[in-house]
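The structure appears below as structure tokens.
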Number of protein chains: 2
Amino acid sequence: MAARPATPAAIAASDAAGAGAVAPARVPAERPRGRPCAVAAGLDIVGDRWALLVIRELLFGNHRFDEIAHYTGAPRDRLTARLRTLEAAGVVIRRQYSDRPPRFEYHLTDAGRDLAPVINALRAWGERWVVESPPIVVRHACGQPLETVTICRHCGQKVRRADLKLESRAEGWEIVRHPR
Amino acid sequence: MAARPATPAAIAASDAAGAGAVAPARVPAERPRGRPCAVAAGLDIVGDRWALLVIRELLFGNHRFDEIAHYTGAPRDRLTARLRTLEAAGVVIRRQYSDRPPRFEYHLTDAGRDLAPVINALRAWGERWVVESPPIVVRHACGQPLETVTICRHCGQKVRRADLKLESRAEGWEIVRHPR
DNA sequence: GAGAGTCGGTTGGATATGGCAACCTAGTGG
DNA sequence: CCACTAGGTTGCCATATCCAACCGACTCTC
């Protein structure tokens, strides 16, 4: 598996190095509270108001600051800060495409592209439970509107909640104490 | 907090009657900017720092205020506020299980349970790109650690990004101007 | 019947973050 | 010279968030 640049430690380190003069950033540093969990760790990176929308636009093929600002609706200063933290987390890379004047584009790394399933799951949920009619239609190669099913890679069966067994490896953070 | 006008709450209620009928919902009034999009609409409901962690715990079987506060690490006042907005959005319901003293539990609605794929996708991403070793192991019924694949329901093929065709139905919000 | 503990919150105050418009720099085009 | 573009930065203010402390209505234990 590829490099894993996104550990909170790495972020904290690169932030301390003081590369940019921007936003003191909400770097995770520590999450002393709460269950240790990959979900929480992921949310530390993409769990704010704009991050996933930025990544949506990058997946759509909009790579420039003004495009992203326009299509997400994020305030420009927030966008600047978020792009920096996403870069520090290894989710996007900033690429200069013009020397003079200096101009930049933002692209997804492998880690960033790998967020597509998260966004698709969220889109599916939003379409089902929130919006009236989908403002964006995603079609699969087969020509039909995309409807996704999640299956287990090992056995090929559809994943149902009842079929999952959870096991906590963190002491003091047991799961399901009262399975009500 | 401006109570979110019972958008999806109505859906859950009318779900029984409404066959395949979708959402008498209206797109959240309060996102005047940015591309209209089910992802953004979803994030308006579960896109803050704590919402998905709360839902994670409810999926784990922890239904009481103190449990949720402890396992998520959310400050109690934030938790109160988030539970209220999630309730207003129809994602959780608040259930009294004791009259005297008054005591309450929080449970997921169908809409809330339907967020499991989002959380699983996020867990997969976090395990791959953020954490060193998964603090929680999810096993499928087949006995193997769960690894998920997303497939298209129509054709059964694995969904790859290159196979997706996007089509915006919102005027002025076209997609992919430079598919770089 | 005194004291401690449980549960589901509120309250107050400090701090961090977000939103907005205006501004800046270094160019290009006319 | 002027207008315009891209990619931000700055200042100001409003709101959200964090945290610890507190509270009310019980129950449990001694």
Side-chain angles (χ1 to χ4, degrees), chain A residues 15 19-34 40 43-44 47-51 53-54 57-58 62-87 92-107 177-178 180, chain B residues 1-4 30-34 40 43-44 47-51 53-54 57-58 62-87 92-107 177-178 180:
Chain A
D15 196 63
V22 190
R26 129 233 86 118
V27 164
E30 323 136 38
R31 179 186 282 277
R33 302 180 308 275
L43 287 174
D44 275 339
D48 85 295
R49 186 177 181 74
W50 303 113
L53 296 183
V54 168
E57 288 307 318
L58 295 175
N62 295 311
H63 297 279
R64 301 197 174 172
F65 189 91
D66 277 9
E67 291 173 343
I68 300 169
H70 176 244
Y71 285 115
T72 61
R76 305 169 69 80
D77 56 347
R78 288 296 91 208
L79 181 57
T80 301
R82 200 53 60 235
L83 286 168
R84 294 293 174 277
T85 61
L86 289 175
E87 192 188 6
V92 309
I93 50 172
R94 186 171 188 254
R95 198 141 86 194
Q96 187 156 7
Y97 69 90
S98 158
D99 278 343
R100 305 185 26 242
R103 291 288 181 271
F104 305 91
E105 286 177 339
Y106 296 89
H107 288 261
R177 295 168 48 206
H178 330 265
R180 283 182 293 267
Chain B
M1 164 67 206
R4 183 174 299 281
E30 343 141 17
R31 183 186 283 276
R33 296 183 308 277
L43 286 174
D44 274 339
D48 83 295
R49 186 178 182 74
W50 303 113
L53 296 183
V54 168
E57 288 307 318
L58 294 175
N62 295 311
H63 299 279
R64 302 198 173 172
F65 189 90
D66 276 9
E67 291 172 343
I68 300 169
H70 176 243
Y71 285 114
T72 61
R76 303 169 70 80
D77 58 343
R78 286 298 88 210
L79 181 57
T80 302
R82 200 54 59 233
L83 286 168
R84 294 292 174 277
T85 62
L86 290 174
E87 191 188 6
V92 309
I93 51 172
R94 185 173 188 253
R95 200 142 87 194
Q96 186 156 6
Y97 69 90
S98 157
D99 278 343
R100 307 183 26 245
R103 291 286 182 272
F104 305 91
E105 286 178 340
Y106 296 88
H107 288 261
R177 296 169 47 204
H178 331 265
R180 278 183 294 265

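Computed from a predicted structure; not experimentally measured.
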Check the distance between [N]'s [atom2] and [X]'s [atom1] and give it to me in whole angstrom.
X: Leu83(B); N: dG8(C); atom1: CG; atom2: P; result: 11 Å
X: Asp99(B); N: dT27(D); atom1: CG; atom2: C1'; result: 16 Å
X: Tyr106(A); N: dG7(D); atom1: OH; atom2: P; result: 8 Å
X: Leu79(B); N: dA16(D); atom1: CG; atom2: P; result: 17 Å
X: His70(B); N: dG9(C); atom1: NE2; atom2: P; result: 18 Å
X: Phe104(A); N: dT5(D); atom1: CZ; atom2: C1'; result: 15 Å
X: Glu87(A); N: dG8(D); atom1: CD; atom2: P; result: 10 Å
X: Ile68(A); N: dA6(D); atom1: CD1; atom2: P; result: 13 Å

Minimum-distance nucleotide to Phe65(A) side chain [options: dA26(C), dC7(C), dG7(D)] =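 Out of dA26(C), dC7(C), dG7(D), the nucleotide with an atom closest to Phe65(A)'s side chain is dG7(D).
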What nucleotide among dG7(D), dC7(C), dG8(D) has an atom nearest to a side-chain atom of Asp66(B)?
->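 Looking only at heavy atoms from C-beta outward on Asp66(B), the closest nucleotide is dC7(C).
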Do the non-hydrogen side-chain atoms of [X] and [Y] ever get within less than 4.5 Å of each other?
X: Asp44(B); Y: Arg49(A); result: yes
X: Asp66(A); Y: Arg64(A); result: no
X: Tyr106(B); Y: Leu86(B); result: no

For Leu58(B) and His63(B), work out which heavy atoms get closest and say how close.
->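 Scanning both residues, the minimum pair turns out to be O-CE1, 3.8 Å.
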Do Phe65(B) and Arg76(B) pass the side chain to side chain contact (heavy atoms under 4.5 Å, CB included) test, and can you show the C-alpha distance, the side-chain angles, and the key distance before you say yes or no?
-> CA-CA 9 Å; Phe65(B) 189 90; Arg76(B) 303 169 70 80; 3.8 Å; yes
Going through the distances and angles, do Leu79(B) and Arg84(B) end up as a side chain to side chain contact (heavy atoms under 4.5 Å, CB included)?
-> CA-CA 8 Å; Leu79(B) 181 57; Arg84(B) 294 292 174 277; over 6 Å; no
Contact list (N/O, under 3.5 angstrom) for nucleotides 17-24 of chain D vs protein:
| residue | atom | partner | partner atom | Å |
| --- | --- | --- | --- | --- |
| dT17(D) | OP2 | Arg78(B) | NH1 | 2.5 |
| dC18(D) | OP2 | Trp50(B) | NE1 | 3.1 |
| dC18(D) | N4 | Asp77(B) | OD2 | 3.3 |
| dC19(D) | OP1 | Arg33(A) | NH1 | 3.1 |
| dC19(D) | OP2 | Arg33(A) | NH1 | 3.3 |
| dC19(D) | N4 | Asp77(B) | OD2 | 2.5 |

